[in-house]
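None of the values given here were measured: they were computed from a predicted structure.
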Amino acid sequence: MAQVHIPAAWRDLSGGASVIDVPGKSLRQIIAALDRQFPGMAQRACEGEQIAAGLAVSIDGGLTTRGLLAAVRPDSEIHFLPAIGGG
């Protein structure tokens, strides 16, 4: 199962868990599995059929440009990276 690192701001939904093992072959499936286990995750991760604005997703150390279609391996490591404001 892929290892998903939960951002601190989302841990209210994950019961405080910072890393969760989740099954799935695409980012869409990973987010759906997270949402089944922790309702509300999909609302934070997605806007319609896209990754939420201001959110980047790293899969195995590289930022994905494929959005929800990004492939995920069973041993993948996934990080949701909220945008950092400022200027």
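For the atom pair SG of Cys46 and CZ of Arg28, the computed distance is 8.0 Å after rounding to the nearest 0.5 Å.
Side chains of Ser76 and Gln3 form no contact here, defined as non-hydrogen atoms less than 4.5 Å apart. Side-chain contact between Ser26 and Leu69: absent, with no pair of heavy atoms (C-beta onward) separated by less than 4.5 Å.
Not a single donor-acceptor pair under 3.5 Å links the side chain of Asp21 to the backbone N or O of Met1.
Residues Pro23 and Ala33 share a closest heavy-atom pair of O-CB, 3.8 Å. Residue Gln29 comes nearest to Lys25 through the heavy atom pair OE1-N, 2.6 Å, listed as atom of the first residue, atom of the second, then distance.
Listed by chain and number, the hydrophobic cluster partners of Leu13 are Val4, Ile6, Trp10, Ile20, Val22, Leu27, Ile30, Ile31, Leu34, Phe38, Met41, Ile51, Leu55, Val57, Ile59, Leu68, Val72, Ile78, Phe80, where partners are ILVMFWY side chains within reach of under 4.5 Å, directly or through others.
Between Asp35 and Arg44, none of the side-chain N atoms (NZ, or NE/NH1/NH2) sits under 4.0 Å from a carboxylate O, so this pair counts as no salt bridge.
For the side-chain hydrogen bond (donor to acceptor under 3.5 Å, both in side chains) test, residues two or more places apart in sequence or in another chain that qualify with Asp75 are Arg73.
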